[in-house]
Amino acid sequence: QVQLVQSGGGLVQAGGSLRLSCAASGRTFSSGVMGWFRQAPGKEREFVATINWSTGNTYYANSVKGRFAISRDNAKATVYLQMNMLKPEDTAVYYCARALAPYTTSRSSDYNSWGQGTQVTVSS
């Protein structure tokens with residue numbers, strides 16, 4: 001039911017930064033949790049980060065902890081993923097998603113709505 005439209009992404013050099021955006025429409029954007037996942041060529045979808053919309057609590061995959069930051073803008077009904085100190089291994093298609101859950105979750109099966117994905121490429 002909810003529509004998630006992603007923007008951002010692109011090509012950056014290792015050590016650089018990039019911010020992804022995910023704008024929601026079609027539903028009230030004030031509850032549940034939002035998450036970011038990524039999928040590299042030949043690999044399974046991987047959890048990146050999640051945020052509880054109401055509390056702001058966040059949780060990160062160990063691989064991105066300390067480098068990535070997830071946040072939300074209530075006025076714009078938008079979730080962001082600020083990616084710093086990017087590494088070539090971060091190269092993937094990134095997807096935002098929403099889960100109807102009261103807590104942050106890294107389980108992809110908990111997420112019911114997904115964005116279209118955006119490519120992030122990090123060169124060495």
Side-chain angles (χ1 to χ4, degrees):
Q1 292 291 333
V2 65
Q3 180 182 0
L4 302 177
V5 180
Q6 299 179 219
S7 61
L11 174 64
V12 297
Q13 295 186 33
S17 298
L18 201 62
R19 187 178 73 165
L20 306 181
S21 299
C22 177
S25 63
R27 288 185 182 177
T28 301
F29 199 77
S30 60
S31 62
V33 299
M34 299 294 296
W36 287 94
F37 294 78
R38 66 187 183 186
Q39 186 168 25
K43 295 188 175 181
E44 298 296 321
R45 184 170 53 189
E46 176 188 28
F47 166 76
V48 176
T50 181
I51 184 170
N52 184 296
W53 184 259
S54 61
T55 67
N57 289 345
T58 60
Y59 179 73
Y60 299 90
N62 289 333
S63 60
V64 306
K65 192 175 301 182
R67 300 188 298 119
F68 290 10
I70 186 171
S71 61
R72 77 266 198 261
D73 185 329
N74 183 61
K76 295 184 178 295
T78 300
V79 175
Y80 304 95
L81 183 67
Q82 178 65 47
M83 304 181 292
N84 302 315
M85 303 177 67
L86 282 162
K87 306 175 180 179
E89 64 198 66
D90 295 319
T91 295
V93 176
Y94 283 70
Y95 299 90
C96 69
R98 184 188 182 189
L100 296 176
Y103 50 85
T104 55
T105 175
S106 62
R107 298 172 58 87
S108 61
S109 61
D110 290 338
Y111 292 82
N112 297 319
S113 299
W114 294 82
Q116 82 278 16
T118 185
Q119 177 70 46
V120 172
T121 302
V122 184
S123 62
S124 59

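A101 approaches V33 most closely through the heavy-atom pair O-CG1, 3.6 Å. The minimum heavy-atom distance linking A99 with T105 is given by the pair CB-CG2, 4.4 Å. Smallest separation of non-hydrogen atoms from N52 and P102: ND2-O, 2.8 Å. Here the closest non-hydrogen pair linking A14 and S124 is CB-CA, 4.3 Å.
Atoms CG and OG1, on L20 and T78 in that order, are 12.5 Å from each other to the nearest 0.5 Å. Separation of atoms CD (Q3) and CZ (R98) is listed at 13.5 Å; rounding is to 0.5 Å. With rounding to the nearest 0.5 Å, the separation of CG in L4 from SG in C22 is 4.5 Å. Between the CG atom in L86 and the OG1 atom in T121 there is a gap of 10.5 Å [rounded to 0.5 Å]. With values rounded to the nearest 0.5 angstrom, S21 atom OG is found 9.5 Å from Q82 atom CD.
Within 6.0 Å of the NZ atom in K43, the count of heavy atoms belonging to other residues, nucleotides or ligands does not exceed 12.
A side-chain N or O of S17 and one of N84 form a donor-acceptor pair less than 3.5 Å apart.
Counting only heavy atoms from C-beta outward, the side chains of M83 and V122 never approach each other to under 4.5 Å. Side chains of T91 and Q119 form a contact here, defined as non-hydrogen atoms less than 4.5 Å apart. With a 4.5 Å cut-off on side-chain heavy atoms, E46 and S63 count as touching.
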Please assess V64 against R38 for the test side chain to side chain contact (heavy atoms under 4.5 Å, CB included), listing each intermediate value before the final yes or no. CA-CA 12 Å; V64 306; R38 66 187 183 186; 3.9 Å; yes

Determine whether D90 and R67 satisfy the following criterion, side chain to side chain contact (heavy atoms under 4.5 Å, CB included), listing intermediate values before the conclusion. CA-CA 11 Å; D90 295 319; R67 300 188 298 119; 2.7 Å; yes

Between D73 and S71, does the side chain to side chain donor-acceptor pair (under 3.5 Å) criterion hold? Intermediate values first, please. CA-CA 7 Å; D73 185 329; S71 61; over 6 Å; no

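No donor-acceptor pair closer than 3.5 Å links the side chain of T104 to the backbone N or O of T50. A side-chain donor-acceptor contact under 3.5 Å links Q6 to the backbone of G117.
Under a hydrophobic-cluster definition in which Ile, Leu, Val, Met, Phe, Trp and Tyr are linked whenever side-chain heavy atoms come within less than 4.5 Å, directly or via other members, V12 and L81 are assigned to the same cluster. Under a hydrophobic-cluster definition in which Ile, Leu, Val, Met, Phe, Trp and Tyr are linked whenever side-chain heavy atoms come within less than 4.5 Å, directly or via other members, V2 and W114 are assigned to different clusters. Hydrophobic clustering keeps I70 apart from V93 (ILVMFWY residues linked when any side-chain heavy atoms are closer than 4.5 Å, directly or through intermediates).
Identified under the ring-ring contact (aromatic ring centres under 6.0 Å, His included) test for residues 55-112, with sequence neighbours left out: F37-Y111, F47-Y59.
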